[in-house]
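What you see is a predicted model, and the numbers here were worked out from it, not measured in a lab. Every number for a ligand or one of its atoms is a count from 1 in the order of the listing.
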Amino acid sequence: MKVQFGFSRIELAHGDITQQHVDAIVNAANADLAGGGGVDGAIHRAAGPSVMEETRARYPLGCPPGDAVVTSAGLLPARYLFHAVGPIWRGGQQREAELLRSCVRRCLELAAKHDCQSLALPAISTGAYRFPIDLAAENLLDEIRKFVDGAPRSLIVRVVLFDAGSYGAFARVLESFVDR
Ligand code: ADP
């Protein structure tokens, strides 16, 4: 699914984010930037050890929830990796939505700063961090739409969903944006 907003486009794809040929791939990292399971593990396995070495050297204090940091992409078919730290879902009263939006916005700012024309991101926080998928889709896609709508440059933002259920949730929200 692809929807145009201003000069930019939001796309949804079903599959493995490590296979995406884009300028920047977003990792759903943890605050220690220590690697882990899920998409983080898949990205580090595919990127090779140089990315973890660079991350440790450049960001020894990690990265707080709501923020993102940049490294090279190692063996991945991308120029950059953005390590975004989403919130752990604790029921919804701990600024979870705000923190999810903020780490997505930071990735979009990094994409602009590094002259990226395409960016792929996963459904941050919806795995081990248990953010409800419908609410994640609403916040993540709305934050992307707000950023690209009216932005002076074109950017392809591709959200890569690993399973059919997540794809369906994101597709429903993106469809609802077309009619708004
Ligand atoms: P978090 O800790 O931020 O919740 P997870 O990696 O546990 O991160 O899950 C985030 C989302 O990424 C989940 O929806 C999960 O299904 C998805 N995911 C896992 N592996 C991949 C992959 N290789 N490509 C794209 N998405 C993936």
Protein residue, atom and distance nearest to atom 26 (N) of ligand 1, heavy-atom basis = Phe162 CB, 3.5 Å

Answer yes or no: does an N/O atom from Ile17 fall short of 3.5 Å to an N/O atom of ligand 1?
-> yes

Geometric N/O contact Arg130 with ligand 1, under 3.5 angstrom = no

Selected option - heavy-atom contact closest to atom 11 (C) of ligand 1, from Ala84, Ala136, Ala123 | Ala123

pair Leu119-Asp23: side-chain heavy atoms closer than 4.5 Å = no

If you count the atoms of ligand 1 from 1 in the order shown, which ones are under 4.0 Å from a heavy atom of Gly15?
-> 24 (N), 25 (C)

Residue, atom name and distance, where the atom is the protein heavy atom closest to atom 14 (O) of ligand 1 | Thr126 OG1, 2.8 Å

By salt bridge (Lys or Arg N to Asp or Glu O under 4.0 Å), Asp67 pairs with (sequence neighbours left out) Arg106

Validation row: Leu108, Val157 side chains within 4.5 angstrom (heavy atoms) = yes

What protein heavy atom sits nearest atom 4 (O) of ligand 1, and how far away is it?
-> Gly127 N, 2.8 Å

Can you get from Leu140 to Trp89 by hopping between Ile, Leu, Val, Met, Phe, Trp and Tyr side chains that sit under 4.5 Å apart?
-> yes

If we only count N/O pairs under 3.5 Å, is Pro122 in contact with ligand 1?
-> no

Taking C-beta and beyond as the side chain, do Asp16 and Val160 meet within less than 4.5 Å on heavy atoms?
-> no

Go through ligand 1 atom by atom and flag the ones less than 4.0 Å from a non-hydrogen atom of Asp16.
-> 22 (C), 23 (N), 24 (N)

Does any N or O atom in Ala28 lie less than 3.5 angstrom from one in ligand 1, N or O only?
-> no

Nearest protein heavy atom to atom 6 (O) of ligand 1, by residue and atom, and its distance?
-> Val39 N, 2.8 Å

Check whether any side-chain heavy atom of Arg172 sits under 4.5 Å from a side-chain heavy atom of Asp134, and report yes or no.
-> yes

Compare all side-chain heavy atoms of Val51 with those of His83 and state whether any distance is below 4.5 angstrom.
-> yes

Could you tell me whether Tyr129 and ligand 1 have an N or O pair separated by under 3.5 Å?
-> yes

Polar contact flag, side-chain donor to acceptor under 3.5 angstrom, Gln117-Ser154 = no

